Amino acid sequence: MEDRSVMELREMAETYKYDFKDPYLYKEIFDKGLDEDKVIKISKIKGEPEWMTEFRVRAYRIFISKPMPKWGNTELLNKINFDDIHYYVRPQEDHKRSWDEVPEYIKKTFERLGIPEAERKFLAGVTAQYESEVVYHSIRQDLAKQGVIFTDMDTGLREYPEIVRKYFGTVVPPEDNKFAALNSAVWSGGSFVYVPPNVKVSIPLQAYFRINARNMGQFERTLIIADEGSEVTYIEGCTAPIYSSQSLHAAVVEIIALPNSKVQYITIQNWSKDVYNLVTKRSVAYTNAKVGWIDANIGSLLTMKYPSIYLLGEGARGEIISVAFAKTGQHQDAGSKIVMAAPNTSATVTSKSISVGSGRASYRGLVKVYKEAKNAKVNVQCDALLLDPESRTDTYPVIEVHQPNAVVTHEATVSKISEQQLYYLMSRGLSPEEAKTLIIHGFIENFIKELPMEYALEMNRLIALEMEGSVG
Amino acid sequence: MLKINNLVVKVKSMDKQILNGLDLEVKSGEIHCIMGRNGSGKSTLGHVIMGNPEYEIIDGQIYFENELINDLPTNERAIKGIYLAFQNPIEIPGVTLTSFFRYTTKKFYPQDMPYSKIRKEIVELLHKFGIPEDTMKRYLNEGFSGGERKRIEAMQVLVYKPKLAILDEIDSGLDIDGLKSIVRYINEYVEQNPNTSIIFITHYSRLLQYLSPNRVHVMINGKIVASGDISLAREIDEKGYLWLENNVGA
């Protein structure tokens with residue numbers, strides 16, 4: 001048994017090495033701008049089945065026909081020049097990059113975070129893919145025994161075409177919004193997860209290996225299917241401002257939680273401060289299934305992201321806990337969407353935002369309760385913390401209820417750090433910066449509690465880093 | 001240790017003068033009691049020594065170890081060795097005592113000392129002051145009873161080991177047994193650390209029966225109007241503040 005595993009591991013490593021060395025596959029950089037030919041070419045290079053090529057082309061047509069959103073931060077949105085973006089870049093470009101080429105402030109963050117050597121090596125471009133694969137395989141072996149599939153989306157499509165075809169694009173169709181259409185046309189990388197019936201994955205799936213895939217393009221696509229009675233937790237992008245040469249990141253995440261399953265998806269988004277982060281994340285929960293989105297947005301220039309849960313089966317439950325941290329120059333437009341279409345469904349939404357300097361945090365939320373959702377219960381709580389006089393927060397809740405006995409509550413609070421709180425903590429030796437950081441930790445304590453230990457520590461460190469030098 | 005000359009202080013947000021030319025000197029290792037009625041300015045004095053931004057110094061000087069600290073930020077005063085046990089400690093939602101002490105002890109304990117070890121010491125101190133370990137999981141001062149607040153504020157003297165500790169109304173909200181045990185541990189600490197100076201601020205003389213202060217001061221209208229030994233406190237106990245007010249013509 002053990003020998004076979006070792007062989008498998010080596011074989012996979014070899015395969016990867018082979019791919020890496022292939023000059024045609026890995027030196028491909030498309031010209032800026034997008035047209036139908038390029039979309040088809042992406043699909044060809046990846047050797048995709050015809051249905052996927054057609055899916056991409058259809059999505060591309062939707063993308064060009066859809067206008068830009070007329071809500072959110074339209075001023076920033078309209079600055080996106082779609083003709084000035086490379087839609088497909090093979091990863092070698094990034095691998096070549098030396099550690100010296102990474103911008104100073106990002107390097108500093110990495111160094112102070114002490115992120116795994118493997119990831120630093122990736123950024124430095126030294127044996128990185130191999131290092132990342134090792135992490136990936138060691139997790140995969142453990143899970144494979146339980147029949148769990150955890151691979152990148154391209155491999156998923158190649159090796160599990162039936163499952164992918166059955167679910168891909170069903171939760172987030174290309175018609176959904178302009179950026180979902182763009183992603184559907186040019187997606188590359190992302191994760192494919194399938195958990196067989198009644199398998200409970202005890203350790204979280206971590207997206208370490210995806211750092212390779214992610215850098216192949218800013219349009220990753222993730223599909224998670226939890227079969228009946230299964231349980232899985234997925235964590236993405238923990239450590240980091242991932243250095244990106246492009247500034248548009250438009251991902252799509254689809255989660256299918258089949259009856260009695262439990263899925264939890266944790267994100268700690270910390271892109272560098274020049275990235276547009278326009279992500280569509282949606283899940284469907286069938287009978288008695290439970291879906292949780294735990295979503296932190298710390299980085300990026302503009303984030304527009306509204307994790308959604310469609311509660312389609314009786315007794316399905318949803319939970320969305322999010323934190324948005326907006327510093328000067330940043331706009332975190334985050335929120336949630338709860339759609340209830342079956343009896344006895346329930347959901348809670350807890351949104352915490354922190355605005356520093358002239359940073360802006362918006363909460364945009366939709367609660368929709370259909371007539372079918374008898375006894376539905378949903379509770380939304382939005383809390384905003386403003387650190388400075390010029391800090392900004394807005395709340396845009398939309399509540400639509402078609403079922404008279406549904407219980408829907410919405411509560412919003414805005415608070416400021418009081419001078420006396422600061423003074424009290426300073427009287428115990430803390431600098432104003434440290435005092436504010438501690439108060440922020442307290443403000444998002446409920447969020448931190450949901451994270452696995454190492455991510456909680458990570459989150460605390462990130463907030464402390466963000467607060468450095470932001471008090472003046 | 002502490003020297004205050006002709007201190008004049010007003011509340012920033014309004015035109016209200018609270019201290020009107022106050023003088024005070026506390027030497028290293030001395031225990032002082034400042035007594036006075038509500039509104040006499042005695043709590044303000046503690047806060048001004050700590051640097052509360054609510055107040056503005058209009059005139060006068062505060063020296064700590066011969067250094068003028070009028071404009072020193074509160075955290076730097078704390079690090080130099082001034083501690084104020086608040087009469088009404090501030091609530092910090094979501095911040096557990098564990099994380100509060102994780103942050104604050106970094107400033108006062110050796111850098112290489114792991115927090116697990118520090119935490120153990122703190123739990124022992126809490127226990128000594130009659131606070132169960134579970135409290136470490138509670139949010140700072142949120143929903144704490146009056147007694148719990150006093151015990152935890154007083155106990156922090158033993159955590160940060162300041163050179164000058166100001167204990168503001170440590171006796172209010174505590175039952176007599178609680179008060180006795182707090183004062184016993186503070187006294188014990190001072191015996192073991194004889195250079196520590198302590199200022200007790202109170203308006204009841206009952207606290208004084210458990211202390212042996214070097215000096216007792218009485219404040220009226222933002223000024224120290226009488227200073228003496230413990231017999232001054234007894235006199236106030238007998239005759240009340242009114243007697244003094246009449247005497248000094250305040």
Side-chain angles (χ1 to χ4, degrees), chain A residues 296 321 323 325 350-354 381 383-387 389 411 413-451 453 456-461 463-465 467-468 471-472, chain B residues 12-13 46-55 72-109 115 137-142 149 152-153 155-157 159-162 165-166 168:
Chain A
I321 305 176
V323 165
F325 193 98
T350 312
S351 159
K352 302 262 180 184
S353 75
I354 300 134
Q381 174 78 41
D383 301 315
L385 182 67
L386 303 175
L387 262 72
E411 232 180 285
T413 66
V414 178
S415 51
K416 289 176 182 176
I417 293 181
S418 80
E419 202 179 41
Q420 288 305 300
Q421 284 180 325
L422 278 184
Y423 163 60
Y424 180 68
L425 293 175
M426 285 170 74
S427 80
R428 308 297 139 104
L430 302 187
S431 68
E433 208 170 73
E434 291 162 335
K436 284 184 185 182
T437 305
L438 186 56
I439 292 169
I440 291 171
H441 284 327
F443 180 69
I444 61 172
E445 154 85 358
N446 287 340
F447 176 87
I448 304 258
K449 269 199 300 214
E450 292 294 318
L451 299 175
M453 183 60 125
L457 294 176
E458 191 60 48
M459 186 73 191
N460 284 339
R461 273 205 298 268
I463 300 257
L465 276 179
M467 286 307 290
E468 266 181 40
V471 179
Chain B
K12 249 184 209 166
S13 56
H47 281 293
V48 173
I49 296 171
M50 198 70 241
N52 190 333
E54 221 171 84
Y55 303 102
L72 206 64
T74 296
N75 55 316
E76 289 176 33
R77 298 183 199 207
I79 284 160
K80 283 191 187 296
I82 303 176
Y83 175 76
L84 171 66
F86 280 43
Q87 184 188 355
N88 299 307
I90 312 293
E91 295 181 0
I92 315 281
V95 174
T96 58
L97 275 188
T98 295
S99 48
F100 170 68
F101 282 121
R102 186 194 299 276
Y103 267 67
T104 58
T105 53
K106 265 187 204 155
K107 304 289 175 180
F108 300 94
Y109 280 67
Y115 183 62
K137 288 185 208 149
R138 290 173 63 190
Y139 300 144
L140 190 55
N141 299 321
E142 241 191 11
R149 289 174 185 218
I152 294 168
E153 287 292 293
M155 162 269 182
Q156 287 176 65
V157 172
V159 175
Y160 310 128
K161 302 182 174 60
I166 305 161
D168 189 5

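These numbers were taken from a predicted model, which means no experiment stands behind them. Proteins get letters first, then strands, A, B, ... in listed order; numbering begins at 1 in each.
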Evaluate side chain to side chain contact (heavy atoms under 4.5 Å, CB included) for A/I439 paired with B/I92, printing each intermediate quantity in order.
-> CA-CA 7 Å; A/I439 292 169; B/I92 315 281; 4.1 Å; yes
Where on B/F108 is there a heavy atom nearer than 4.5 Å to chain A: the side chain, the backbone, both, or neither?
-> side chain
Is a side-chain N or O of A/Q421 found less than 3.5 angstrom from the main chain of B/E91, in a donor-acceptor match?
-> yes
Full working for side chain to side chain contact (heavy atoms under 4.5 Å, CB included) between B/V95 and A/F443 = CA-CA 8 Å; B/V95 174; A/F443 180 69; over 6 Å; no
Heavy-atom contact with chain B under 4.5 Å, split by part of A/Y423 = both
Where do A/Y424 and B/L140 come nearest, in terms of heavy atoms and distance?
-> CE2-CD2, 4.0 Å
Honestly, the part of B/T105 sitting under 4.5 Å from a heavy atom of chain A is neither
Side chains of A/L430 and B/N75: closer than 4.5 Å at any heavy-atom pair?
-> no
If one checks every heavy atom of B/F86 against chain A at 4.5 Å, the contacting part turns out to be both
So does A/E434 pair up with B/K107, basic N to acidic O under 4.0 Å?
-> yes
Residues B/K12 and A/E419 bridged, charged N to O under 4.0 Å | no
Interface residue of largest heavy-atom contact number with chain A, from B/S99, B/P162, B/A78, B/P53, under 4.5 Å = B/P53
More than 12 non-hydrogen atoms from neighbouring residues, nucleotides or ligands closer than 6.0 Å to NZ on A/K449, yes or no?
-> yes
Between the side chains of B/Y83 and A/R428, does any donor sit under 3.5 Å from an acceptor?
-> yes
Value for CD1 (B/I82) from OG (A/S427), rounded to nearest 0.5 Å, stands at 11.0 Å
Using non-hydrogen atoms and a 4.5 Å limit, figure out which bit of B/E153 sits close to chain A: side chain, backbone, both or neither.
-> side chain
Counting only heavy atoms closer than 4.5 Å, note whether A/L425 contacts chain B via side chain, backbone, both or neither.
-> side chain
